[in-house]
Amino acid sequence: MTLKIEFKVGLFITITSFLIIASIGYVAYKKGMFSKVYTYTLSSQTGENLTEGMPVAVWGFTIGRVSLLELNDQGTVLIRIKIPERHNRMIRADSKFILDKPLIGSPRILVKTTNLNGPPLSLLTIQELTESNDINEIIKRAQPIIDKADRIMGNVERITANLADPKGNVNQILRDVETLVARFSKRDSILEMAVGDPESVKSIHDALKKLRDITAKADGILLQVDGMAGKADGILQRVDGMAGKTDGELYGKDGVLPQFRNILRDLLAKLVKIDATFDNINKISAEAADSTKDLKALRSELDATVTAIGELAGEIDRMIPFKTKPEIKLP
Amino acid sequence: MKKLFCFLFAALLLAGCGAKPAPVWIAASHKQLETFKQDFLIDREPTITQIHFRKALDEIKKGGDAGLLGKVWLTRMALQVAVREELEESEYLKTEAAEAAPANRNFYRFLKGDVATVDVSLLPEPYRPFWMAFSSGDAAKTAVSIAAIEDPLSRLIAAGLAVSHRLENDAMLQIAVETASLNGWKRPLLVWLERLQSSCEAAGDAAKASTIRSRIELMK
């Protein structure tokens, strides 16, 4: 069945409006705007820390609010609290109302009910509001800790006094250390302290001196051997020189082989440079190939994305109900 | 309350979805073909234009409908008539050889200007008065019938067909130029302006021809 577009739009607007109104009504209903509210009266000697709108809580859950604060003729503060019907079962005849002033956060009224099955609290009864003060509680708990800290400080003071006293234990230890160091300084060496006999120490010193002399002589012999080797080197160099003159034309400065060697060296250097260039070309081509692969992958991903978006747009376009059905016609 | 909500939501959905949507491939091919037509006429880059045409063909091929495939090829031929280009008919002829659709064949003959064989009753409605005037060989009547065509593309196709068969006058060229200009179709506009310029030069109206030349230069 094909309906006219005006009818469809009208139907859509009507149903949408109805749904909006119904939603608002439903939310209001769920929020308890249409439910019955019970008003209880509490009394307090002071209105300090009490404000209108302050929450009334049971076990951490807010069940109502302070609606009004007023002062009666006797100078007592009367506090009216409003509790919705769905929470009213928490307010019983044995309920206690406590003004809770936490260290952090705003004050609130706590309801403590021991027997939830007890008779309900009469609306005419005026319950007294008691106070709970977290700050005082914390001070009470902190007192023993402060006492302990005080004792620790006393001990620290005693230790420092001992340090300052010339006849104290610490100073005595320092004096003993000083004496020990002085004794060390009077001996010629640690060896003497270890052996305990100055003669033995002297013998060890003599033996060491002789060992040093032997080492010096061995050094002299080695130097002489070195000199002989140097002379042998000189002879060999002369032999080399003679051989150099003989082969001068071949191996001389301007000989064929050195020139050939220079050419080869140049060639080698150039080949090294070309090799590096080839390496670079290889690297560049490899990078270019990698980049091409990346570009292809990117292109594929872009294609896929564009296609997906196009398909989505087409799908949405196709599903728009009031749009003319697409038809391929001759132009 | 929740049940009522569900019911109303379902009712709203039903109200919105009264008509059954077209198959995906038809919707997609239609969209691609429309984009191709637009790109062709505004003289967009040929590679992009061809992409849309190819996609339109691909979508049609999914459905395997030779009639629709023929229509797509004929659409391109009609656009070529509108911009006075040479017709590329080989692909359409292949389609017709595989499966001939009378309406398509008739439209092909129409595009070729074959007065003897075109069946007016099979032509799309907007072209029928034009075809009668065209068949009579009267340029003035043809120009009037072209001006009466509501769809701008059809108007250009008719004008292109008339001019190709030497049924031409200034009014007809002016209609084609205005149609292309109003729709922002650069490609046919340049073609028709050049044609108008030639016509003015032939008639000895050098001043008008020069003005048109300046306009063409500005557009390029």
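Labels below follow one simple rule: chain letters A, B, ... track the order of the sequence lines, proteins then strands, and each chain is numbered from 1. Just so you know, these numbers come straight off a predicted model, no measurement behind them. Just the heavy atoms: all of them, side chains too, but no hydrogens, waters or symmetry mates, feed the values below.
Put simply, NZ on A:K329 and CG on B:L74 are 15.5 Å apart, with the number rounded to the nearest 0.5 Å. Between atom CD1 of residue A:I328 and atom NZ of residue B:K31 there is a gap of 13.5 Å, rounded to the nearest 0.5 Å.
Atom CE of B:M132 has 12 or fewer neighbouring heavy atoms from other residues, nucleotides or ligands inside a 6.0 Å radius. Atom CZ of A:R89 has 12 or fewer neighbouring heavy atoms from other residues, nucleotides or ligands inside a 6.0 Å radius.
Within the 4.5 Å cutoff, the side chain of B:I157 has heavy atoms near those of the A:P331 side chain.
Across every non-hydrogen atom of A:E327 and B:H30, the tightest pair is O-CD2, 3.2 Å. When all heavy atoms of B:A103 and A:L330 are compared, the pair lying nearest together is O-CD1, 4.3 Å.
The part of B:I60 that comes within reach of chain A is its side chain, from C-beta onward, which places non-hydrogen atoms under 4.5 angstrom from that chain.
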